[in-house]
Structure formats: structure tokens, C-alpha cells
Amino acid sequence: MPEASDTPPFMIPTVRFAPSPTGYIHIGNARTALFNWLFCLKNGGRFILRFDDTDVERSKQIYSDAIAEDLAWLGIVPDETIYQSKRTKSHDASVSRLKEAGLLYPCYETPEELERRRKILLTRRLPPVYGREALKLSDAQKQAFEAEGRRPHWRFLLPNHDGDPFETKRTEVTFDDIIRGPQTVDLASMSDPVLVRADGSYLYTLPSVADDIATGVSHVIRGDDHITNTGAQIALFEALGGKPPVFGHHNLLINATGEGLSKRKGALSIGALRKAGYEPMAVASLAVLIGTSRNVEAVASMDRLAEEFEPSAASKSAARFDPAELATLSRALVHEKTASDVDKILEEIGVSRNKKEEFWNCVRGNLDTVADAAEWWAIIRDGPDTSERVGEGDLEFVRTAFDLLPDGQFDQTTWRSWTGLVKEQTGRKGRALFMPLRIALTGRTSGPELSDLLPLLGREETLARRP
Ligand code: GLU
């Protein structure tokens, strides 16, 4: 695994996608990954896949592997892959720096104590912001806690005061968000973030900033649930001597009932969409274009999607994701594919070499997924399965019709001339004529154009389907 370089190439726009490997990624996470990837393609940048795996309990290698595989399937190829869990030394150095600057202080409150204080503030109609009580502890009090076995967690002292941390004042952090435009966060409205837990492990905030600095991240593009974090993180960038990157916060996706998508619930995971046979570019198109001022359409290639990508086209409110839309987009892409695009799959399902093109052109318009072609190849090769049979009342008609099949080589015109003759001889027309024939030929009530199917079957195979 390559280590993040210590001399970041600042000149190249550098982005990172930073999932916590605590579950499988879903289409909402893919949106974040793709916003970064498309930004990168458009600006000739570098893409880092960074696993935010500081939560050792919940982070699992199987999830990291699955995430990398899902990204590859979508067409995202990271320039570098980093695991935060392997960068602890660098995070420790950042902690020392903050401690030396007096910007990281030990706190001994239990979660219950904090909750009690929060409730008191709320009943007094005050904002539930941490009051920095730990800063008032004397050395003796701290030692007493330690003697009791309590270990401190550590908070970052936000720069929202003029020297007296108990006299906070409105402190606006402003940034020009490449998606949402100018943003302001007031550092006096938030609690000093906990950076290090009592067991010494890191919460997300510090490793993220330390790694962004170390790896030369120039643009942080992520969900808009991080906007407040960004205020605190900009202060942290400055405290650690780093230049804050440019930020972009995109709207999140919600499901049909208005809930956010959850990695833990496995909702609409990319792996599940892949297994269901959806086209990767359909997933990518929807993940990117939904909730923007652009039309949602199936864009066939990542380069074209990158050309169309405009971060500021994303709307500010959450976007509702409808899986049915995915099916429509995916189908559209399948129908546009050529036989050579799907050659590998045709090979796998055993389509004879000389029939690949004819077969694909015949069936593609009826497929939901490329894999569904297998079913049609089986019908063409082995005859109809038993799903639909010619009805009793149609048997005589179908037999007569088969007896009228023309001699010689079948081509595109055969269906027309054959059914013309059948109509003349039997008096049947329209659906009453073609549906029993379709069922006899394919065992299905819908499917490819029969004028395309007949030459593919050939005379002998067609005759073999006479009931
Ligand atoms: N691991 C964080 C998350 O999944 C990353 C946020 C960020 O991009 O900074 O929310």
C-alpha cells in the first residue's frame, strides 16, 4: 500500500473520497465519490481513496475491499489508497502540536454529566454548547479524577474568544463553497469538538484534517451534513499550520419515505445494484444528476458525464431517490449497446460466433439487463420453455400456419410474407394471428420483433417449434 507522500504536490487539484469502512456504500455515498471523481476528470486532478477507519471496532477490511470494488465497477480508479489507521503517528504529532499551543485540553465529564448539563441549558432556553468547565479544573482536581481511574477525553479549543475562553464572541468562519456558494459558520455557536476519546482513539475530526494537510488535498467535496464540521475543521487546519482547502457540500439523497440512506441498513448498496444487473453508468448518471438543475438522463460514458458535470448545479435541498428511475436509465443504456460492447457476456452465455451480432440486435430492445440476454439465447437455442403454451383453441390455427412456412432461406422479409399468407388462408388477423405464433415460437407473450427472430432461428429451428 503506498504511503501518503510527505511533500504534497500542491499544484495538482487533489480530492479525496473518505468513507468509513463500517458497511457497504450506497448510492448516496457513490454521489460523493462521483462528485470528487468528476471534479478530478474535469480539472486533471488526483483522486485519493482514504479509508476513515479510526473506529477500529466497527471498521472492517471486508468493507474496505467491497468499497474499492464498488468504486472500480463505477469506473473510479484512485491514484492512491490510504488507511487512516496506518497514520496514527502523524495524528499523534498533530495532537502534540495542539497541546503545545494550548489548544487541546483534557476533560473528565462522563456522558451522563454532559447530558445533564445539556438539559439544564435547554430548559433555560440557552444553546446546548459545552461551557468549557474542564478548563477550570485545578491540577489537584485532575489528579483526583485520574486517581479514581478516569481518563480524559480531549477537546479542541475553538478560536471564538479574545483570550478569555469563557467570554466567547460571535466568530464567523466564511468559505466560498463550490456547490452552495458563500457560507458562514459561527464558531461561538458550537461546542469545542472532542478530538481524542478517553481510550486514546481518534474521532473523525482531527485525522481527517491532518491527512488532508499531509496528502495535499486541495478540494474537499462531501455531503452537506458536514457544513458545521467544516467551520471547526477550518479552525483546525489553521491551528495545525495548514492551508484550508476549498470546500464543496452537496445535497444528500433520501429514499421514497423521506429518510436518509444508511450504510448500516445496507439500503441500496452499490453491490446490490451491481448484482441486480444495473448498468454502472446508469447508477453513476442517476447518482450525479438527481437533485440538480440538469435533466436526469442515462449518460453512456464517464467522460461525457464529466463534461456535463457542474458542481453548482446541485440544489440545496435533499433529493429523493427513486429506484424505478434507475431501471429506466439502465434499460436505455442496455438498448444502446452494440454487440461488441457486450461481446464478453455473449461469449459467456455461449452465443455462437457468427450469430452474436444478429442475436444481440434482435433481443437488446427487450432486455432490462445485459444478463437477461441469456434467457433469450436459451429460448432460441433450445426452444421455448414451458412458461406459456399455445391455447387449445389456437392449436389448429398454429399448425396450419406452420404448414404455410415458406421454403428457402429466412430473412427479414419472411415474417411479413408468411403472415400475409396465413391471413389469407385462415382469415385471422392482428393479435389473434400473431400472438399464438409468438407463443409457439418463444413461449412468451412478448419479446423481440418476430421479423428479426425468424432469420435467427432459420427454417429448420422454426419448424421444430410446430406444436
Ligand atoms: N468519513 C467521513 C464520512 O463518511 C468523511 C467525511 C469527509 O469527507 O470529510 O462522513
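Counting starts at 1 for both ligands and their atoms, following the listed order.
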(message) For ligand 1 and A18, I'd like to know whether there is a polar contact (N/O to N/O, distance under 3.5 Å).
(response) yes
(message) What I want to find out is whether R364 reaches E336 closely enough, with some N-O distance under 4.0 Å, to be called a salt bridge.
(response) no
(request) Could you list all the salt bridge (Lys or Arg N to Asp or Glu O under 4.0 Å) pairs where at least one residue sits in residues 316-332, not counting sequence neighbours? (result) R331-D368
(message) Using heavy atoms and a 4.0 Å limit, tell me yes or no: is Q233 in contact with ligand 1?
(response) no
(request) Scan residues 279-333 for pairs that pass ring-ring contact (aromatic ring centres under 6.0 Å, His included), counting only residues two or more places apart or in two chains. (result) F35-F309
(message) Taking 4.0 Å as the limit for heavy-atom contacts, which would you say applies to Y204 with ligand 1: side chain only, backbone only, both, or neither?
(response) side chain
(message) Counting the benzene-type ring for Trp, do F175 and H249 have ring centres under 6.0 Å apart?
(response) yes
(message) Less than 4.0 angstrom from a charged side-chain N to a carboxylate O is my criterion; do K355 and E358 meet it?
(response) no
(request) List every atom of ligand 1 that sits less than 4.0 Å from any heavy atom of R222, numbering the atoms from 1 in the order shown and giving each element. (result) 7 (C), 8 (O), 9 (O)
(request) Just jot down the ligand 1 atoms closer than 4.0 angstrom to any heavy atom of D52, in number order. (result) 1 (N), 2 (C), 5 (C)
